[in-house]
Amino acid sequence: MSDTATLAVPLCASGDLQEGGDAVPFDVVHAGQTCRAFAVRYQGRPHAYLNRCTHVPMEMDYQPNRFFDDTGRWLLCATHGAAYRPDSGECAGGPCRGGLVKIAISEESGVVRWHTGPHLQPVEF
């Protein structure tokens with residue numbers, strides 16, 4: 001696949017992303033490495049990020065596919081307590097170094113899709 005090719009990769013049905021609920025995980029190749037990523041719904045829109053805290057590059061979920069705090073307002077790193085804005089991935093507090101790596105995502109006709117880019121590709125089996 002060309003580094004400049006852009007694809008819309010089907011991820012899940014729209015109903016699989018509930019406001020402030022569990023994330024839908026998926027795998028991507030980012031900068032040549034296979035990484036976990038996740039999609040959530042916040043304020044009615046889907047958002048997707050690499051599952052990698054900026055404080056220490058490790059997965060953030062405290063239980064499988066759980067990223068939101070109890071209020072549904074922040075995405076949290078379970079290990080270090082870093083908090084991120086669900087709509088932008090920006091650091092909102094705690095030991096973060098910058099924001100989460102955002103993945104382009106869209107929703108149309110009941111399907112959520114993530115979009116590839118120069119440094120983000122689907123995992124090939």
Side-chain angles (χ1 to χ4, degrees):
M1 179 179 304
S2 166
D3 284 343
T4 59
T6 300
L7 300 172
V9 181
L11 175 61
C12 64
S14 293
D16 292 343
L17 290 179
Q18 297 296 313
E19 186 75 28
D22 286 355
V24 172
F26 58 107
D27 293 319
V28 300
V29 176
H30 178 262
Q33 294 184 321
T34 300
C35 303
R36 294 294 282 170
F38 66 95
V40 294
R41 184 174 300 281
Y42 180 71
Q43 295 182 340
R45 297 185 58 209
H47 302 275
Y49 302 97
L50 285 185
N51 186 357
R52 183 182 292 171
C53 183
T54 61
H55 175 233
V56 175
M58 58 189 307
E59 291 187 4
M60 299 177 8
D61 37 345
Y62 60 92
Q63 293 178 354
N65 308 323
R66 295 293 303 164
F67 294 89
F68 282 105
D69 69 349
D70 290 341
T71 69
R73 186 171 176 202
W74 307 108
L75 300 174
L76 296 180
C77 173
T79 304
H80 305 106
Y84 301 93
R85 291 182 50 151
D87 57 346
S88 66
E90 292 177 51
C91 179
C96 15
R97 295 183 179 123
L100 298 175
V101 175
K102 190 161 182 76
I103 298 172
I105 194 166
S106 62
E107 183 174 28
E108 185 178 348
S109 301
V111 178
V112 175
R113 293 175 175 83
W114 67 274
H115 299 264
T116 64
H119 301 287
L120 193 67
Q121 298 295 320
V123 174
E124 294 184 24
F125 296 97

- 4.5 Å side-chain heavy-atom contact, H115 and V9: no

- Message: According to a hydrophobic-cluster definition based on side-chain heavy atoms being under 4.5 Å apart (Ile, Leu, Val, Met, Phe, Trp, Tyr only), do V111 and L17 belong together?
- Response: no

- Task: Check A8 against R113 and note the closest heavy-atom contact, atom names and distance.
- Result: CB-CD, 3.8 Å

- Any pair with a residue in residues 79-104 that passes ring-ring contact (aromatic ring centres under 6.0 Å, His included), sequence neighbours left out, goes on the list, sorted by first then second residue, please. H55-H80

- Note on the structure: Taking every heavy atom of T54 against every heavy atom of G98, the minimum-distance pair comes out as OG1-O, 3.3 Å

- Item | Test item: T116 side-chain N/O and Q121 main-chain N/O as donor-acceptor pair under 3.5 Å | no

- Message: Can you give me the closest heavy-atom contact between P86 and F68, atom names plus distance?
- Response: CG-CE2, 3.8 Å

- Hydrophobic cluster of L76, others only, ordered by chain and residue number, side-chain cut-off 4.5 Å: W74

- Message: Within the 4.5 Å heavy-atom criterion, are L50 and V28 side-chain neighbours or not?
- Response: yes

- Taking all non-hydrogen atoms of both residues, which atom of K102 and which atom of S88 are closest, and how far apart? CD-O, 4.1 Å

- Query: Which heavy-atom pair separates M60 from L100 by the least distance, and what is that distance?
  - Reply: SD-CD2, 3.6 Å

- Considering all heavy atoms of both residues, which atom of R36 and which atom of P25 are nearest to each other, and what is their separation? NH2-CB, 3.0 Å

- Query: Looking at residues at least two apart in the chain, or sitting in another chain, which of them share a salt bridge (Lys or Arg N to Asp or Glu O under 4.0 Å) with D87?
  - Reply: R85

- Task: Apply salt bridge (Lys or Arg N to Asp or Glu O under 4.0 Å) to D61 and list each qualifying residue two or more places apart in sequence or on a separate chain.
- Result: none

- Gap separating the CD atom of Q33 from the NE2 atom of H119, nearest 0.5 angstrom: 13.5 Å

- Query: Are L75 and Y49 close enough, and set up right, to give a side-chain contact (heavy atoms from CB on, under 4.5 Å), and what steps lead you there?
  - Reply: CA-CA 11 Å; L75 300 174; Y49 302 97; 4.0 Å; yes

- Message: Please determine whether residues V101 and V112 belong to a single hydrophobic cluster, defined as Ile, Leu, Val, Met, Phe, Trp and Tyr linked transitively by side-chain heavy-atom distances below 4.5 Å.
- Response: yes

- Message: Holding to side-chain hydrogen bond (donor to acceptor under 3.5 Å, both in side chains), I want the full list of residues that pass it with S14, two or more places apart in sequence or in another chain.
- Response: E107

- Message: Do V24 and F38 have side chains that approach each other closer than 4.5 Å (heavy atoms only, starting at C-beta)?
- Response: no

- Message: Considering only residues two or more places apart or on different chains, which pairs with a residue in residues 14-105 satisfy disulfide (SG to SG under 2.5 Å)?
- Response: C91-C96

- Task: Determine, stepwise, if the pair I103 / F26 fulfils side-chain contact (heavy atoms from CB on, under 4.5 Å).
- Result: CA-CA 11 Å; I103 298 172; F26 58 107; 4.0 Å; yes

